[in-house]
Amino acid sequence: MRLHQHGVAHTGSFAVVMRDTGLLDAEMPNVTRYVFTHPQARATFVNWHQVADEQVFNLWLGPSTESFEWFTADFAPVAGAEFTRRLHRHLTPPRVPLTMNHPRANQLRWDREVLELPSPDAQQLVIWLPADEATAAAVDQLRHRPQRATLRAV
């Protein structure tokens, strides 16, 4: 299976945090696709340029040649010049906490740990960890916030 077919595997807590950002709206959510094509991505990620650099650099390192070729041939025209320019830079982006504006929890800061999974697809597991106490508290509040009742036809 190629990278572009992989969705974002996530926990329930991640879904609660990302629900209002648009990242999980796609049938097969993909962070790279979200960063470069979703209109809400630039507002969500305070340091969008850093996130964009990281996503492209990870593609350049690549899980596979096949995935890289798909992104350059099929995805690049959709993602546009920001993607293509970064694709040819090959610069290692700094690893600093990712800062995002959350529609219900204000600003959240994340550290990311990357684990390489031994598999034929060379997949990665990226774990988002709260970078500070304020983010941890906001995530707890989001997780425990009661969901609004929805009107259902009976």
Side-chain angles (χ1 to χ4, degrees), residues 1-64 66-68 70-71 75 78-80 82-83 86-87 92-154:
M1 188 178 281
R2 292 182 288 202
L3 179 64
H4 68 279
Q5 294 173 331
H6 290 262
V8 173
H10 58 275
T11 64
S13 293
F14 186 82
V16 167
V17 170
M18 299 309 282
R19 177 179 316 145
D20 297 322
T21 66
L23 174 62
L24 301 177
D25 290 353
E27 184 177 325
M28 294 293 278
N30 178 290
V31 176
T32 303
R33 187 176 296 121
Y34 173 78
V35 167
F36 287 100
T37 65
H38 197 284
Q40 198 171 338
R42 288 178 188 257
T44 297
F45 293 118
V46 172
N47 41 2
W48 182 89
H49 290 285
Q50 171 204 337
V51 175
D53 286 344
E54 286 178 10
Q55 291 303 306
V56 172
F57 185 74
N58 289 340
L59 289 176
W60 182 69
L61 292 177
S64 72
E66 184 179 271
S67 295
F68 182 81
W70 181 86
F71 270 101
F75 182 68
V78 175
E82 287 282 357
F83 177 79
R86 284 176 167 80
L87 192 64
T92 305
R95 275 291 195 196
V96 296
L98 182 139
T99 305
M100 65 180 282
N101 287 320
H102 191 276
R104 293 183 292 139
N106 299 321
Q107 205 165 82
L108 304 176
R109 292 173 30 88
W110 303 98
D111 288 324
R112 281 110 44 240
E113 294 291 330
V114 179
L115 304 172
E116 302 291 334
L117 302 177
S119 71
D121 292 335
Q123 294 181 18
Q124 293 180 330
L125 177 63
V126 181
I127 302 166
W128 290 32
L129 302 166
D132 53 39
E133 289 299 320
T135 298
V139 170
D140 281 342
Q141 285 181 334
L142 287 169
R143 285 185 22 223
H144 295 101
R145 177 178 284 176
Q147 299 299 312
R148 287 189 228 157
T150 57
L151 183 62
R152 293 182 293 172
V154 187

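In what follows, residues are counted from 1 in the order of the sequence shown. Because only heavy atoms are used, hydrogens play no part in the values below, and waters and symmetry mates are left out as well, while side chains stay in.
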Novice: Can you measure from CD (E82) to NE2 (H49) and round to the nearest 0.5 angstrom?
Specialist: 6.0 Å
Novice: Roughly how far, to the nearest 0.5 Å, is OG1 of T92 from CG of D53?
Specialist: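 Rounded to the nearest 0.5 Å, the CG-OG1 separation comes out at 10.5 Å.
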Novice: How far apart are the closest heavy atoms of A52 and R86, and which atoms are they?
Specialist: CB-NE, 3.4 Å
Novice: Under a 3.5 Å distance rule, please check whether T44 uses its side chain to pair with a backbone N or O of M100 as donor and acceptor.
Specialist: no
Novice: Once the angle between the rings of F83 and F36 is folded into 0 to 90°, is it parallel (under 30°), tilted (30 to 60°) or perpendicular (over 60°)?
Specialist: perpendicular
Novice: Taking all non-hydrogen atoms of both residues into account, name the closest pair between T135 and R109 and its distance.
Specialist: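 Shortest heavy-atom separation between T135 and R109 comes out as OG1-N, 2.8 Å.
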Novice: Kindly compute the distance separating CG (L23) from CE (M18), expressed to the nearest 0.5 Å.
Specialist: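 Going from the CG atom of L23 to the CE atom of M18 covers 4.5 Å.
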Novice: Output the distance between atom CG (L142) and atom NE2 (H144), rounded to the nearest 0.5 Å.
Specialist: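 Result: 11.0 Å between the selected atoms.
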Novice: Can you tell me how far CG of L87 sits from CD of Q55, rounded to the nearest 0.5 angstrom?
Specialist: 13.0 Å
Novice: Counting distance only, does the side-chain N/O of W48 pair as donor-acceptor with the main-chain N or O of V35 below 3.5 Å?
Specialist: yes
Novice: Quick one: closest heavy-atom pair of H10 and A15, and the distance?
Specialist: CD2-CB, 3.7 Å
Novice: Which pair of non-hydrogen atoms, one from D111 and one from P97, has the smallest distance, and what is that distance?
Specialist: OD1-CG, 3.5 Å
Novice: According to ring pair (Phe, Tyr, Trp, His ring centres under 6.0 Å), who are the partners of H38, at least two apart in sequence or on a separate chain?
Specialist: Y34
Novice: Roughly how far, to the nearest 0.5 Å, is the CZ atom of R112 from the CG atom of L129?
Specialist: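 Those atoms lie 10.0 Å apart.
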Novice: With the side chain counted from C-beta on, respond yes when Q141 and R104 share a heavy-atom pair under 4.5 Å apart, and no when they do not.
Specialist: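 Counting from C-beta outward, Q141 and R104 never come under 4.5 Å.
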